[in-house]
Number of protein chains: 2
Amino acid sequence: MNITEIAKKAGVSKATVSNVINGKLSKVSDETRERVEKIIKEEGYKPNVMARSLVKKESRLIGVVVPYLGKDEDFFANPYNAHIIASLEKFIRANDYYLMLRCVGDPREIVPLLSSWNVDGAFFLGIYKDEVPQIKSQIDIPIVFLDTYAPGEEIVNIGIEDYRGGYLSARYLISKGHSKLALVTPDISSEGVIKERYRGFYDACREAGIPFKKGNIYNTESTYPSAVQVGQDIAFGGGDYTAIACMSDIVAFGVIEGLKQCGIRVPYDISVIGFDNLPDCELMTPKLTSVAQDFEWKAKKASDYLFKMIEGKCHLVADERQHIRVVERQSVRALSDRT
Amino acid sequence: MNITEIAKKAGVSKATVSNVINGKLSKVSDETRERVEKIIKEEGYKPNVMARSLVKKESRLIGVVVPYLGKDEDFFANPYNAHIIASLEKFIRANDYYLMLRCVGDPREIVPLLSSWNVDGAFFLGIYKDEVPQIKSQIDIPIVFLDTYAPGEEIVNIGIEDYRGGYLSARYLISKGHSKLALVTPDISSEGVIKERYRGFYDACREAGIPFKKGNIYNTESTYPSAVQVGQDIAFGGGDYTAIACMSDIVAFGVIEGLKQCGIRVPYDISVIGFDNLPDCELMTPKLTSVAQDFEWKAKKASDYLFKMIEGKCHLVADERQHIRVVERQSVRALSDRT
DNA sequence: GTGTTGCAGTAAATCGGTTTACTTATCGTT
DNA sequence: AACGATAAGTAAACCGATTTACTGCAACAC
């Protein structure tokens, strides 16, 4: 069933049917409109999106691009992604758009595809600064980046106060009497949320007069299995830590598991703080103390910007960062009057 | 940049460019092909997907339809969905298709949209039997249902042995000496995985000569907050249970939390078994004993069927159900010689 | 020398919509 | 009565690809 058949059945031209569908009231009399609408309903006719997009040059399609990590190559390797995607989906749907989801190794490779799909806009999750220019230059639809650091680039980015998050993480541990700190984190060398968190963490240590050396950094992927390994390494490594800061919750989960497997108890033997505040923090015992970010807030902000740009046919520049805090639970113990 | 411009630059017709793109070797000489390919690469040209779909009547788009539950209206309300989606995305990508994700209240409402998008195929997650006929009748692209019970309908369904899962759940508890059982479950009246699991559970109890009454059923949504509430209800309800079977992990997580909040310890005071074997089972303390299903298997099977149907332009009928087992962890205690 | 076959390539139709430019009829003004 | 404005509707062009039917031309068989 297509527009031509509807037009024939209603005894009008395609143009008139199109005008009815698109609510161009001034072009159609009430009488004809009703007749056409009746037939459309009877036939259960829905206009072909492809044909419409072709001429309108808009698709009501929003791309969501998620870089994958590790070898699993799915977005759930870090559940954080899943939360964000779930929230974004909700807002995309609420705005009557459609979500095209794609995980990628290198986000740059997806850009030509996005434009060949005529997507009206896109969200990019966790892109690195040096990937931004290529993305921007290859496509000029509205894009909202989440958790990207690219000062100087004219983009819309929604994130959190990562520096402050790292800072709070360290401050919190220190306030509980810890001074022998380990840090478990993905690569801190690229510009990005992790580097910022690390900087905050480092500065807080310095301010408190606590020596924090590169040797206290344990490298991991943002995946559970990788972090379990690190937990074991720490357990066996003989480093004399009283607390471990993790740069994401999924890493903290893994580290705790790794420690447990080696007979080390959290928080009695060693304290652990996470970052993200995934709902799973509540599930475990001890419940994970974590630096909290609000996914819903992020997704809402990001969507607001994206749809403002799409509907206003304009480009905005913004860098909004959510104010965050530590959610205190049970995985960090106060070192009171013991050493 | 479109095909006409490429054709002009290369001094050939659109048809030739099209033939180059689509690898119709017999229609183009090597010389021309190379020239055209060079220009395509130089210009970074990608054919417009919409235009191609319009004439080819295929879009390389796969719909993934996820019913939402509760009032959150996002797929993460039950993390189980997120796992399946993540796996499906991986296989869809591997087959060079694109994933259109949509959560819905009523799955039937999405069908006209799918067809207006010319999607080449679709996955429906957790649809009820009585929704199937309408879905099938409104659209005739290949569809694979996951976790649907619709005997007699000519569909492809991929699921697990739910009856056996419920049966194993009860058997396991009983084998550990439990006889005072509660069941926490979403509505068991609709045909579907839950009803099957319930039937298995019920039969296992009967076989073992253990009375299981409707009064031992606690109703919940498949969401964490709802299950927490139920956990509290059970704690306060004074029912003298030694073990609780939950029909999904997310529910078990919530129940355990609810119990904990009321000072009841798992598994010392009461045992809990889940269903799904989400990775989160490993995170918590006690680690959750659960009836295991393998998401990756499901997504792989489902994709194999879908792409076989799409590429073979045929309809298949199948009902494959994964053989499942109980993964024993720590949330169920053996009631040895204590009443 | 004629007929057949295969190769390389093209013009035009097509997919299912939207949009533009144009027509006709009706009405109100002056 | 002539003029313009507005309302209602249409034919045809267009979006960017694919596909069909056709054209020359060279090679080959008989």
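Sequence lines set the chain letters: A, B, ... in the order given, protein chains first and strands last, and positions in each chain run from 1. All values derive from a computational prediction rather than experimental measurement.
Less than 6.0 angstrom separates the ring centroid of B/Y97 from the ring centroid of B/F307. The distance between the ring centers of A/F123 and A/F145 does not fall below 6.0 angstrom.
Exactly one of A/K308, A/K301, A/K300 qualifies for a salt bridge (charged side-chain N to carboxylate O under 4.0 Å, His left out) with A/D304. That residue is A/K300.
Rounded to 10 degrees, the angle separating the terminal helix axes of the helix from C/dG1-D/dC30 to C/dT30-D/dA1, each built from five base pairs, is 50°.
Atom NZ of A/K46 is surrounded by 12 or fewer heavy atoms from other residues, nucleotides or ligands within 6.0 Å. Other residues, nucleotides and ligands place more than 12 heavy atoms under 6.0 Å from the CD atom of A/E311.
The distance between atom CD of B/E58 and atom C1' of C/dT14, rounded to the nearest whole Å, is 16 Å.
When side chains are defined from C-beta on, B/K8 does not count as touching B/I3, because their heavy atoms never get closer than 4.5 Å. By the 4.5 Å heavy-atom criterion applied to side chains, A/R93 and B/E73 are counted as neighbours.
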For this session: Spell out protein contact along nucleotides 15-27 of chain D as letters: B when the base is contacted, S when just the sugar-phosphate is, - when no protein heavy atom is under 4.0 Å; keep the 5' to 3' order.
Result: BBBBB-B------
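Interface residues of residues 31-44 of chain B facing DNA chain C, ordered by number: B/T32; criterion, heavy-atom separation under 4.0 Å.
Within the 4.0 Å cut-off from OP1 or OP2 of C/dG9, at least one side-chain nitrogen or oxygen of B/S29 is found.
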For this session: Output, in order, the C-alpha distance, side-chain angles, deciding distance and verdict of side chain to side chain donor-acceptor pair (under 3.5 Å) for B/K298 and B/Q322.
Result: CA-CA 8 Å; B/K298 253 189 196 173; B/Q322 188 193 348; over 6 Å; no
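Of the possible polar contacts, one joining the B/R35 side chain to the B/A10 backbone as a donor-acceptor pair under 3.5 Å is found.
A/R102 forms no cation-pi arrangement with A/Y68, by the criterion of a distance under 6.0 Å to the ring centre and an angle within 45° of the ring axis.
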